[in-house]
Amino acid sequence: MQTTHPGTIRLDGDTASGRAYVSELGRQRDGTSMINHGLFHDRYRRTPDGWKFTERLFEVRYFDSTPLPGSPHVVRPATNRPGDTMTTHIPATAHTDPASDEQLKRAASALTAHGFTVEVRDDVAAARARVEALIPEGAGVFTAASETLGLSGIQDDINSSGRYQAVKPRVLAMDRATAADDIRRLLASPDVVVGSVAALTETGSLVVASGSGSQLPSYAGGAGLAIRIVGAQKVVPDLHTALRRVEDHALPLENARAQKVYGRPSAVNRLLVLNAEPHPGRGVVLLLREAIGF
């Protein structure tokens, strides 16, 4: 697969020079893979039949032959009529089926190598008990908007138990017009933030999508401890697939929820990719063997 993006073209009468930026992703017949980023340096000449190439030089800027995970998406025409566009079809179960033990192992290993603390748990009940054990009583805890937290009961455990200084109920009781700065500070730097992610790659990256961005400061570094509960269906091979999962699967479901709860649509207005955790012990990922959440 090659994508080419034209750059600047400099015209000089009947001649011109230009460049184009190239990204290539491929798997060759012998099974080897390649990721390539480069530049085309071009020269052109005007002729009676239009502009023609007189020279094209290819400069390789980056080349990687590391084996590519996953398999190509199946591309089929929407119909057989001339002029119809091509549509990429991904099975509906691709975003909902739990990952295999081998996939979970790869994701957990990559996260650990990137500084996250990873615990693989069988189910929601195990995660729920572990969250309670991880959070000190009396800590200030912010529960980020998450279908996983709601379905698991973890959201109620934190916000209604009285064991913690729950941030969410406090913020909801504040006037958003007169206390906007106080709300922003409370959400940005709690002792603990608990939530989930939209996708987790087998290469060890966590992808978080948000409409308002309210949870992102605490996720990125504002909270002293960040706990994410991740269902097995959110594990994907790579970042490209993770972003497809956000747009094709998580956003439509979150949009429907937002319409029902808030009376307005949702959107991926902000996107956070966590590639590593530089502070040992701060980022905890509870990776479940079962599916839960969007």
Side-chain angles (χ1 to χ4, degrees), residues 69 95-136 139 141-155 157-158 164 190-210 215-239 241-243 245-246 249-250 270-294:
H95 298 309
T96 57
D97 285 350
S100 66
D101 284 342
E102 187 61 32
Q103 290 173 297
L104 295 178
K105 187 181 299 183
R106 283 197 295 269
S109 177
L111 284 170
T112 301
H114 294 170
F116 294 96
T117 299
V118 186
E119 300 179 12
V120 180
R121 298 284 166 169
D122 285 336
D123 51 29
V124 169
R128 193 172 180 179
R130 185 59 179 142
V131 168
E132 183 176 345
L134 285 169
I135 304 176
V141 187
F142 169 40
T143 52
S146 164
E147 189 76 357
T148 297
L149 293 194
L151 293 173
S152 65
I154 293 173
Q155 181 172 274
D157 290 345
I158 293 171
Y164 315 105
D191 296 328
V192 183
V193 62
V194 183
S196 188
V197 299
L200 160 60
T201 73
E202 292 179 36
T203 53
S205 294
L206 298 163
V207 178
V208 185
S210 177
Q215 80 273 43
L216 300 190
S218 59
Y219 265 33
L225 174 64
I227 303 172
R228 293 123 184 157
I229 299 92
V230 183
Q233 85 282 12
K234 297 183 179 182
V235 176
V236 297
D238 49 36
L239 187 57
T241 315
L243 298 180
R245 188 180 195 279
V246 170
H249 178 73
R270 290 164 173 82
L271 194 66
L272 175 66
V273 179
L274 300 166
N275 289 321
E277 176 51 70
H279 305 292
R282 179 190 174 273
V284 177
V285 178
L286 302 182
L287 183 53
L288 307 187
R289 290 191 173 93
E290 68 175 10
I292 184 171
F294 293 160

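Index from 1, following the sequence.
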Asks: What's the shortest heavy-atom distance between Thr201 and Leu239, and which atoms?
Replies: CG2-N, 3.8 Å

Asks: Is a side-chain donor-acceptor pair under 3.5 Å present for Asn275 with Ser205?
Replies: yes

Asks: Can you name the residues that form a side-chain hydrogen bond (donor to acceptor under 3.5 Å, both in side chains) with Ser152, not counting sequence neighbours?
Replies: none

Asks: Taking the side chain as everything from C-beta on, heavy atoms only, tell me whether Val208 gets closer than 4.5 Å to Val197.
Replies: yes

Asks: Can you list every pair that meets side-chain hydrogen bond (donor to acceptor under 3.5 Å, both in side chains) and has a residue in residues 215-224, with sequence neighbours left out?
Replies: Ser210-Gln215

Asks: Does Ser109 have any side-chain hydrogen bond (donor to acceptor under 3.5 Å, both in side chains) partners at least two apart in sequence or in another chain, and if so, which?
Replies: none

Asks: Among residues at least two apart in sequence or on other chains, which ones pass side chain to side chain contact (heavy atoms under 4.5 Å, CB included) with Arg130?
Replies: Glu119, Arg121, Ala133, Leu134, Leu286

Asks: Name all residues meeting the side-chain hydrogen bond (donor to acceptor under 3.5 Å, both in side chains) criterion together with Asp101; count only those two or more places apart in sequence or in a different chain, and write none if there are none.
Replies: none

Asks: Of all residues at least two apart in sequence or in a different chain, which pass the side chain to side chain contact (heavy atoms under 4.5 Å, CB included) check with Pro98?
Replies: Ala232, Ala291

Asks: Supply the atom-to-atom distance His95 NE2 to Lys234 NZ, rounded to the nearest 0.5 angstrom.
Replies: 13.0 Å

Asks: For Asp191, enumerate each residue passing the salt bridge (charged side-chain N to carboxylate O under 4.0 Å, His left out) test, keeping only those at least two apart in sequence or located in another chain.
Replies: none

Asks: Can you run down the salt bridge (charged side-chain N to carboxylate O under 4.0 Å, His left out) pairs that involve residues 108-117, sequence neighbours left out, and say none if there aren't any?
Replies: none

Asks: My understanding is that only residues two or more places apart in sequence, or in another chain, count here; which of them pass side chain to side chain contact (heavy atoms under 4.5 Å, CB included) with Thr112?
Replies: Val118

Asks: For Arg128, enumerate each residue passing the salt bridge (charged side-chain N to carboxylate O under 4.0 Å, His left out) test, keeping only those at least two apart in sequence or located in another chain.
Replies: Asp157

Asks: How would you list, by chain and number, every residue that makes a salt bridge (charged side-chain N to carboxylate O under 4.0 Å, His left out) with Arg282, sequence neighbours excluded?
Replies: Glu277

Asks: Can you sort out the partners of Thr143 under side chain to side chain contact (heavy atoms under 4.5 Å, CB included), two or more places apart, ordered by chain and number?
Replies: Leu149, Gln155, Ile158, Asn159, Lys168

